[in-house]
Asks: 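Shown below is the structure under consideration.
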Amino acid sequence: MKWIMKNLILQIFIIFFLYSCTHTSKNDSASNEEPYAVEEDIPAQLSPQKEETVHVVEIRQMQFVPDTIKVHKGDRILWVNKDIMNHDVTETSKKTWSSAPLKTGSSWTLVVTEGADYYCSLHQVMKGKIILQSDQNE
């Protein structure tokens, strides 16, 4: 008889436990709603200001294509070598930036901070230009 009582108490406990885990009331479902918009909680300096723009310049047939590119400050330029030989990308006047030699299929990225002329230091006839646009010109 003790065994039957223990078993019955255990079954009641299991049923009560399962019922309490799966049963929801009106108050429970209402509490799942968010009382505020998530955007209001993000500080202004952390919310995205502008979507990042990536410009692609292909290196092919001993040329930068396009050879002149108009960008905004903070945009990225991705040079992709699709030529059969190695090339690099080097700022012309002060050599403030330069890529390593890029093998066929390799690429290099620069975040634009200012306009510049550039060239391939391995093949100096290859030239390109970055024109920096102001955000007011949009």
Side-chain angles (χ1 to χ4, degrees):
M1 186 74 160
K2 280 185 172 182
W3 182 81
I4 294 175
M5 279 305 269
K6 285 182 182 180
N7 195 11
L8 182 62
I9 292 171
L10 181 61
Q11 287 177 355
I12 292 171
F13 175 76
I14 291 172
I15 291 169
F16 176 75
F17 177 76
L18 291 176
Y19 179 77
S20 66
C21 290
T22 58
H23 178 69
T24 58
S25 67
K26 275 187 178 180
N27 291 341
D28 289 340
S29 63
S31 67
N32 289 337
E33 296 176 13
E34 292 190 31
Y36 53 86
V38 174
E39 293 82 20
E40 293 172 2
D41 290 342
I42 300 173
Q45 66 269 21
L46 295 180
S47 59
Q49 301 298 318
K50 174 184 148 184
E51 205 171 296
E52 181 180 273
T53 303
V54 177
H55 305 272
V56 177
V57 175
E58 291 183 356
I59 304 170
R60 60 176 185 229
Q61 298 179 349
M62 298 287 291
Q63 296 178 357
F64 295 107
V65 180
D67 61 351
T68 300
I69 189 162
K70 294 180 180 180
V71 300
H72 292 96
K73 188 173 187 175
D75 286 357
R76 292 181 183 270
I77 300 176
L78 173 69
W79 284 270
V80 181
N81 186 0
K82 293 189 174 186
D83 208 343
I84 60 173
M85 57 188 71
N86 292 353
H87 295 285
D88 70 5
V89 184
T90 304
E91 189 271 330
T92 302
S93 65
K94 298 177 186 170
K95 315 290 186 272
T96 54
W97 48 262
S98 182
S99 72
L102 303 172
K103 296 178 181 177
T104 301
S106 296
S107 62
W108 183 71
T109 302
L110 172 75
V111 176
V112 178
T113 58
E114 59 187 8
D117 292 326
Y118 63 91
Y119 71 109
C120 173
S121 69
L122 305 173
H123 310 98
Q124 296 183 10
V125 296
M126 296 175 57
K127 297 180 183 198
K129 183 175 195 78
I130 301 168
I131 298 173
L132 190 63
Q133 296 179 314
S134 67
D135 290 331
Q136 292 125 1
N137 292 344
E138 294 184 280

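From a predicted model like this one, the values you see are computed outputs, not experimental measurements.
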Asks: What is the ring orientation for Tyr118 with Trp79, classed by angle as parallel under 30°, tilted 30 to 60°, or perpendicular over 60°?
Replies: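 Rings of Tyr118 and Trp79: perpendicular, as their planes differ by over 60°.
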Asks: Can you find a pair of side-chain heavy atoms, one from Asp67 and one from Lys127, that are under 4.5 Å apart?
Replies: no
Asks: NZ/Lys70 to CD/Gln133 distance, rounded to the nearest 0.5 angstrom?
Replies: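 Lys70 NZ to Gln133 CD: 6.0 Å, rounded to 0.5 Å.
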Asks: Has Lys94 got more than 12 heavy atoms of other residues, nucleotides or ligands less than 6.0 Å from its NZ?
Replies: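 It does not: Lys94 NZ has 12 such atoms or fewer within range.
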Asks: Excluding sequence neighbours, so at least two apart, what forms side chain to side chain donor-acceptor pair (under 3.5 Å) with Thr113?
Replies: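 Listed in chain order: nothing, the list is empty.
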Asks: Could you walk me through whether Val65 and Lys82 pass the side chain to side chain contact (heavy atoms under 4.5 Å, CB included) check?
Replies: CA-CA 10 Å; Val65 180; Lys82 293 189 174 186; over 6 Å; no
Asks: Rounded to the nearest 0.5 Å, what separation is found between the CZ atom of Arg76 and the OG1 atom of Thr109?
Replies: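 If we round to the nearest 0.5 Å, Arg76:CZ and Thr109:OG1 are 6.5 Å apart.
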Asks: Does Asp117 pair with Lys129 as a salt bridge, N-O distance under 4.0 Å?
Replies: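 Answer for the salt bridge query: yes.
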Asks: If you take all heavy atoms of Asp88 and Ala100, which pair is closest and at what distance?
Replies: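 So the minimum-distance heavy-atom pair works out to CB-O, 3.9 Å.
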Asks: Return the minimal non-hydrogen interatomic distance between Gly115 and Leu132, and the atom names on each side.
Replies: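 Taking Gly115 first and Leu132 second, the nearest heavy atoms are N-CB, 3.7 Å.
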Asks: Drop me the distance from His72's NE2 to His55's NE2, to the nearest 0.5 angstrom.
Replies: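 Here the interatomic distance stands at 8.0 Å.
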Asks: Tell me, do Leu122 and Met85 make a side-chain contact under 4.5 Å, heavy atoms counted?
Replies: no
Asks: List the atom of Ala116, the atom of Trp97, and the distance in Å for their closest heavy-atom pair.
Replies: CB-CZ2, 4.1 Å
Asks: Is there a path of hydrophobic side-chain contacts, each under 4.5 Å between heavy atoms, that joins Phe64 and Ile69?
Replies: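 Result: yes, single cluster for both.
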Asks: Might you point out which heavy atoms bring Gln124 and Tyr119 nearest each other, and give the distance in Å?
Replies: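 Heavy-atom minimum between the residues: CG-CE1, 3.9 Å.
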Asks: Looking only at atom types and distance, does a side-chain atom of Ser107 sit under 3.5 Å from a main-chain N or O of Leu78, one as donor and one as acceptor?
Replies: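 Side chain of Ser107 to backbone of Leu78: no pair is present.
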Asks: Ignoring hydrogens and angles, tell me if any N or O in the side chain of Asn81 forms a donor-acceptor pair with the backbone of Leu102 under 3.5 Å.
Replies: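 At least one qualifying donor-acceptor pair exists.
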Asks: Using the rule that Ile, Leu, Val, Met, Phe, Trp and Tyr join whenever any side-chain heavy atoms are under 4.5 Å apart, tell me whether Val71 and Trp108 fall into a single cluster.
Replies: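 In one cluster with Val71: Trp108, yes.
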Asks: Could you check whether any side-chain N or O of Thr104 sits under 3.5 Å from a backbone N or O of Asp83, counting only pairs where one atom can act as donor and the other as acceptor?
Replies: yes
Asks: So, taking the atom named CD1 in Ile84 and the one named NZ in Lys103, what distance separates them when rounded to the nearest 0.5 Å?
Replies: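 Reported value, rounded in 0.5 Å steps: 16.0 Å.
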Asks: Roughly how far, to the nearest 0.5 Å, is the OG atom of Ser121 from the NE2 atom of His123?
Replies: 9.0 Å
Asks: For Thr68, which residues count as a side chain to side chain donor-acceptor pair (under 3.5 Å) partner, sequence neighbours excluded?
Replies: none
